[in-house]
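Working notes for the structure below.
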Amino acid sequence: MIDPVHSIALGAAMFCIGMLGFLIRRNLIVIFMSIELMLNAVNLNLVSFAHQFQSPHGQVFALFVITVAAAEAATGLAILIALYRVSRAVNADEASAMKW
Amino acid sequence: MNLLSGDLKLVLPEIFISVTAMGILILGTFVRERGRTWLACVTLSALAVTGYYLMTLRSNPFHPAYSSMYAHDGMALVFKMLFIVVGILAVLVSYDFLRTRGIPCAEFFALILFSTVGMMLVASAYDFMLLFVGLELSSLATYILVGLTKKDLWSNEAAIKYFLLSIFASAILLFGISIVYAATGTTNFGEIASRGSDLTTRQPLAAVVALVFLVAAFGFKITAVPFHMYAPDVYQGAPTPVTIFLAVGPKAAAFAGLIRVLGAVHAMSSDWLMLVSALSFLTMTVGNVGAVLQTNVKRMLAYSSIAHAGYALIGVASIAVDDRAGGVFPSSTASVIFYLVAYTIMNVGAFSLLMYMRRDKGFGEDLADFSGLARRRPVVAAAMLIFLLSLAGIPPSIGFLGKFYIFATAVRSGLYWLAVAGVLNAVVSLFYYARIVVYMFMKKQERDVSDVRSFALNLALGASAVATVVLGIFPQTILDVIARATSNIFTGGIIQ
Amino acid sequence: MTPEILTYADMGLKWPILSLLTYIPVIGAIIIMLFLRRDNTIRWFANIVVLVDFVLSLRLIPGFIIDRHALQFVEKAPWIESLGAQYFLGVDGISILLVLLTTFLGVLAVLSSWTAIQDRVKEYYIFMLLLQTGMLGVFFSLDFFLFYVFWEIMLVPMYFLIGVWGGPRKLYAAIKFFLYTLAGSVLMLLAILGLYFLHYRQTGELSFEVMKYYGMDIPMHIQRWLFLAFFVGFAIKVPMFPFHTWLPDAHVEAPTAGSVILAGVLLKMGTYGFVRFSLPLFPQATMWFLPYGITLAVIGIVYGALTAMMQPDMKKLVAYSSVSHLGFVMLGLFALNQQGVEGGILQMINHGLSTGGLFLVVGLIYERRHTRMIKDFGGLSHQMPLYAIMFMIITLSSIGLPSLNGFIGEFTILLGGFKALWMKPVVALGFLPKEWATNMSTLMVLLATSGIVLGAAYMLWMYQRVMFGKLENPKNMELKDLNLREVMTLIPIIILCFWIGIYPKPFLRFMDAAVMNTVLMTNPQAALAEMKQMREMQMNAAPGQGMEAPSGMQLPPGHPPISMPGQHMMPGQQSAMPPGHPPISMPGQTPAMPAGHEAMMEQFRAGESHGMRRGLTFMEPAAAGHGEAPEAAHADPHGHSGDK
């Protein structure tokens with residue numbers, strides 16, 4: 001059995017990397033990738049604990065997450081393309097016409 | 001087989017609306033723009049039929065469907081009715097707008113319907129999986145809705161901001177869920193409540209992390225401070241009908257989810273009350289102060305809706321303290337639901353009034369665009385006055401009653417300082433609402449603004465205005481419905 | 001301790017008159033909004049509506065029961081069951097005069113706006129009528145929820161009246177008014193909720209009925225907070241120092257009719273709320289607060305007067321004089337005895353009349369010259385003699401000249417104030433200052449009296465600068481005197497000023513029973529001691545006249561007043577009263593004791609031997625242990641003894 005602390009640690013590490021990427025990087029596509037990384041970290045958690053508890057719940061949930069992530073990817077990239085068409089911006093800084 | 005068909009009857013609303021949405025998409029390819037009225041009518045009738053069906057459905061809190069994932073209790077029914085109303089209002093309000101902005105109407109209506117389905121699922125969710133799916137479905141639809149005016153820079157910007165931040169929040173939510181799953185081995189709310197009851201002592205780190213992440217994620221969805229940053233930009237940039245939908249629908253759904261999740265993790269950590277109270281206080285204050293600084297009415301209303309989430313959070317905090325109905329006095333949950341109903345009506349009204357003024361190629365959104373409205377269109381100005389007074393909490397309006405209930409539950413639960421903060425915030429809020437009134441009634445017209453005439457918009461607004469005043473004076477029916485519903489919450493034995 | 005409740009049916013009426021009175025203006029407003037277009041039609045219609053309302057309100061007078069305290073013309077219907085809020089309207093002695101004042105001033109205010117308002121006439125009259133509804137609703141409400149609803153409804157039309165038809169700084173003044181008053185109101189809301197839940201915890205019943213809250217057992221620490229919350233709400237409205245800063249701006253910028261209603265009625269809501277709610281609901285907290293309250297009231301009197309003296313703007317001068325006068329009213333209420341409270345309520349009416357009249361007068365000259373600065377005038381009495389006369393009478397009424405209404409009110413208040421001090425037997429007190437509190441009180445009343453002198457000073461000085469002297473300013477030389485309509489707005493006020501000043505008895509009689517009830521609830525010792533004193537005076541003056549002294553005080557509830565031989569003041573008695581003082585008819589012909597006071601009467605009789613030492617101790621909160629000791633000194637009137 002894998003030590004649960006280890007699986008959580010890995011999941012948490014991946015999640016943090018993803019979060020950091022989201023907050024720091026400027027390119028919108030990289031930001032998006034970071035989010036996917038975060039979602040995968042969650043999947044990892046879910047699956048490893050499903051294995052721990054010998055219960056299918058976590059795995060099913062992980063499937064749901066993957067599906068939803070795919071849908072969101074499609075939507076998000078479409079929005080990105082629309083934005084690019086209008087403003088030619090791919091950096092987060094340039095997409096800030098609205099002020100405080 | 002028997003069980004399946006019984007459960008099927010319960011989810012019929014969601015299935016029906018999804019099928020209608022897909023049907024509209026298909027129909028839309030054939031009828032294009034000429035069939036706009038038809039499509040709108042189909043949407044409206046689908047919603048109306050579902051609403052009627054919901055009213056005839058009796059709630060059975062002891063029979064959760066689909067392996068205890070789908071709770072069919074009074075609270076779910078009430079929320080679903082609310083979402084139906086939101087959907088109807090959104091369609092009415094946007095009808096003429098779609099034509100003038102060239103937005104494909106079939107997609108628009110279908111998206112509204114899909115989002116409604118998602119929200120309804122959230123209201124009934126008794127398992128994290130269903131909650132997640134519902135939340136994401138409703139959000140996905142709104143991402144597209146926000147960006148639907150593809151040519152508009154601001155709309156696209158709003159869409160990408162909203163999308164990224166919302167996905168971020170979903171990821172955080174998921175991580176919190178995974179921690180809860182890791183700690184308790186289940187995603188069902190009832191099971192979590194029973195298994196996780198002493199998590200704080202057993203695994204304090206897990207409890208804290210889960211708590212923080214869940215609160216953060218839900219805080220984002222309900223635009224609580226400090227997770228509210230996206231809201232002013234998104235509400236301002238999105239096309240106004242979408243803002244209307246966004247401000248009332250997904251927010252109410254998130255509150256429904258929050259209440260259920262609160263019931264589940266209630267025993268897990270004792271810090272809920274403090275956290276929610278702090279959140280509430282911050283949200284009210286920052287929302288109101290932010291609104292005071294604005295000159296763009298749409299942005300001002302965005303901040304005001306942030307503040308209103310804060311008031312509703314006072315009710316949620318009361319739930320965390322105790323959720324007993326004191327005699328016949330409504331419970332804290334009931335007061336939150338009632339406040340959400342009032343909030344829906346008021347905000348739909350207030351935001352919709354922005355659509356009455358067209359300026360250049362867009363809509364009049366600044367304070368100056370409102371100047372002299374009372375002379376030009378007295379009825380519209382009067383309606384706006386009603387909504388603004390209701391938002392500020394001045395009787396006789398449903399907004400006053402909503403705030404009254406919230407403050408009453410706060411006093412009853414012993415959250416005195418929160419009540420004082422809430423009450424003083426209400427006074428501050430009057431300051432910026434009154435500014436709009438000043439421009440409408442006490443200043444001469446300054447900008448060149450042309451008028452919009454739309455029957456559907458008038459209908460939606462008229463109904464909202466009448467409801468605001470009439471329900472403010474005779475709220476008894478709605479209160480009864482809500483009270484009966486909240487005494488009927490499927491708890492699995494958790495909320496007392 | 002619920003008083004008698006008489007519904008309108010009980011009193012012989014077929015129609016719910018109070019609801020009619022309240023909603024006639026708003027129905028008129030709706031009619032104007034939907035159907036009327038031409039300015040002149042609207043003017044006539046609005047005037048007729050308020051006149052009808054006034055005449056209808058006169059119907060409240062005949063049949064009004066004055067020999068005992070009762071809620072009359074009551075309408076009671078459930079409203080929001082899950083809250084326990086009811087639609088509960090009623091009048092009693094405290095509110096009836098204020099209601100009549102409201103409808104009366106409403107007529108005059110609407111009439112005075114005929115030529116003053118030329119722009120957006122329709123909305124103006126709509127808001128005036130809405131304001132009438134709100135104000136009447138406040139005075140009639142006996143359910144806290146309903147009261148609060150009407151209290152807040154009132155703010156909106158007033159805000160619009162100031163903000164749309166006001167002077168140069170109208171927007172600032174209007175929003176200041178709204179926010180200030182709203183802040184006080186919401187604090188009051190929290191206190192109402194506190195009372196509501198306290199009541200529920202004690203009786204298991206959800207109710208907002210004010211009468212049910214009287215006599216509730218509220219622990220002192222909670223009582224203080226609740227009292228303060230209510231006090232802030234009311235003090236802002238009165239306005240008391242230091243919450244008065246919204247008033248000068250609001251008054252100066254408001255249109256004339258708005259000022260008349262604002263000063264005449266709206267300010268009374270604060271004092272009314274105080275008498276109706278704060279005093280009877282929180283008797284111990286009131287006692288505790290007395291030193292501070294009296295200090296604030298006196299500061300208000302003197303500060304208001306001094307500031308008024310320095311104003312170059314007539315309207316601002318009158319506004320500050322309002323602060324001063326209402327400080328007087330509060331002082332009377334704080335005396336917590338029959339004279340003080342009655343004087344306070346009467347002075348509310350008087351202030352409404354005289355200050356309303358003053359604003360009308362200032363408005364008249366403003367309409368002609370569009371300036372209110374005193375320096376722009378001078379010698380107007382040559383040009384406008386009729387105006388000069390009316391102005392003078394109203395000025396004298398405001399000052400408090402005997403034979404006019406102001407004097408009656410002020411004198412009664414001062415009487416109550418002094419009485420509150422000297423109720424202790426003179427022997428025990430001597431002339432040596434015993435406690436600081438007592439000294440403070442004497443000082444306070446003396447300062448208050450000086451307020452009267454200052455009042456005369458600034459009013460007469462203003463009058464002199466405006467009306468007397470040489471007519472120098474060429475713009476003043478063409479001024480026209482008053483026309484018929486303008487005279488008609490002032491004559492009723494002048495008539496009432498004289499009436500109340502010369503024969504105030506009918507007005508005072510309305511209040512007697514209700515005020516006695518209030519005083520008994522707030523300050524039982526004073527009331528009982530006073531009754532005892534009256535009895536003793538009568539007994540001493542006519543020994544062996546066969547007066548059944550014991551039975552004289554033991555009136556069972558509902559029993560009609562016993563006519564004693566000493567019904568009128570004994571001749572020896574009368575000479576002891578200062579001339580011009582209204583006959584203290586009250587304790588001698590005691591109206592029926594409110595129900596539930598049997599125990600107290602017994603105790604009182606038992607404590608008789610202790611004589612006047614049981615007398616008024618309210619002025620020594622420090623010595624008496626914040627109101628608890630007097631309660632412990634004799635059995636608690638609420639039927640249970642001992643500490644709370």
Side-chain angles (χ1 to χ4, degrees), chain A residues 4 7-8 11-12 15 18-19 22-23 28 31-32 34-50 52-55 57-58 60-65 67-69 71-76 78-87 89 92 94-100, chain B residues 127-130 132-133 135-137 139-141 143-144 146-168 170-179 181-188 191 205-206 209 213 229 232-234 236-237 290 293 296 299:
Chain A
S7 17
I8 289 233
F15 191 80
M19 189 147 70
F22 176 86
L23 295 171
L28 286 171
I31 292 181
F32 192 44
S34 315
I35 295 188
E36 293 293 324
L37 187 57
M38 285 164 41
L39 290 175
N40 280 322
V42 172
N43 279 343
L44 192 63
N45 262 340
L46 287 170
V47 167
S48 60
F49 277 95
Q52 264 259 303
F53 296 130
Q54 295 293 321
S55 118
H57 274 90
V60 171
F61 205 158
L63 279 174
F64 272 113
V65 176
T67 316
V68 171
E72 288 178 340
T75 321
I79 295 179
L80 203 55
I81 293 179
L83 177 67
Y84 180 71
R85 282 214 191 109
V86 174
S87 75
E94 292 162 29
S96 290
M98 285 187 281
K99 276 292 126 200
W100 181 230
Chain B
D127 187 298
F128 270 124
M129 274 189 257
L130 193 57
F132 172 66
V133 168
L135 222 44
E136 289 312 308
L137 177 55
S139 305
L140 263 174
Y143 304 151
I144 308 176
V146 170
L148 212 49
T149 47
K150 287 193 293 198
K151 306 275 176 20
D152 182 12
L153 172 65
W154 282 25
S155 172
N156 279 313
E157 238 186 65
I160 195 75
K161 268 195 189 134
Y162 181 48
F163 170 72
L164 287 175
L165 288 169
S166 186
I167 299 257
F168 184 63
S170 300
I172 294 190
L173 175 70
L174 277 174
F175 195 77
I177 294 176
S178 71
I179 298 284
Y181 178 65
T184 57
T186 171
T187 52
N188 183 292
E191 302 273 314
L205 183 63
V209 170
F213 275 67
M229 308 291 234
D233 287 337
V234 172
Q236 189 188 4
L293 306 169
N296 180 305
R299 226 177 148 83

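- To the nearest 0.5 angstrom, A:Leu28 atom CG is 5.5 Å from B:Ile160 atom CD1.
- Note that the CD1 atom of A:Ile31 and the CD1 atom of B:Ile167 stand 12.5 Å from one another [nearest 0.5 Å].
- With a 4.5 Å cut-off on non-hydrogen atoms, A:Phe61 touches chain B through its backbone and its side chain both.
- Of the atoms belonging to B:Phe168, heavy atoms from both backbone and side chain fall under 4.5 Å from chain A.
- Heavy-atom distances place no part of A:Ala41 under 4.5 Å from chain B, backbone and side chain included.
- The closest side-chain heavy-atom distance from A:Phe15 to B:Phe213 is below 4.5 Å.
- Ring pair B:Tyr181/A:Phe49: centre-to-centre distance not below 6.0 Å.
- Under the 4.5 Å side-chain criterion, counting only non-hydrogen atoms from C-beta, A:Val68 is not in contact with B:Leu137.
- With contacts defined as side-chain heavy-atom distances shorter than 4.5 Å, the pair B:Phe132/A:Val65 qualifies.
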Mind running side chain to side chain contact (heavy atoms under 4.5 Å, CB included) on A:Phe22 and B:Leu164 for me, showing each step along the way? CA-CA 9 Å; A:Phe22 176 86; B:Leu164 287 175; 4.2 Å; yes
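- With rounding to the nearest 0.5 angstrom, the OG1 atom of A:Thr75 is 10.0 Å from the CD atom of B:Glu136.
- In this structure, no portion of A:Ala78 lies under 4.5 Å from any heavy atom of chain B.
- Contact count against chain A (heavy-atom pairs under 4.5 Å) is highest for B:Ala182 among B:Gly185, B:Gly147, B:Ala182.
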Please report the C-alpha distance between B:Ile179 and A:Ile8 in whole Å, then the side-chain angles of each, then the deciding distance to 0.1 Å, and finally whether the side chain to side chain contact (heavy atoms under 4.5 Å, CB included) criterion is met. CA-CA 8 Å; B:Ile179 298 284; A:Ile8 289 233; 4.3 Å; yes
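- Atoms CG and OG, on A:Leu44 and B:Ser178 in that order, are 9.5 Å from each other to the nearest 0.5 Å.
- With a threshold of 4.5 angstrom between heavy atoms, B:Ile172 approaches chain A through its backbone and through its side chain.
- Atom OH of residue B:Tyr143 and atom CD of residue A:Glu72 lie 5.0 Å apart, to the nearest 0.5 angstrom.
- Nearest heavy atoms, A:Val42 versus B:Ala171: CG2-O, 4.0 Å.
- One finds the CZ atom of B:Phe175 at 12.0 Å from the CG atom of A:Leu39 (value rounded to the nearest 0.5 Å).
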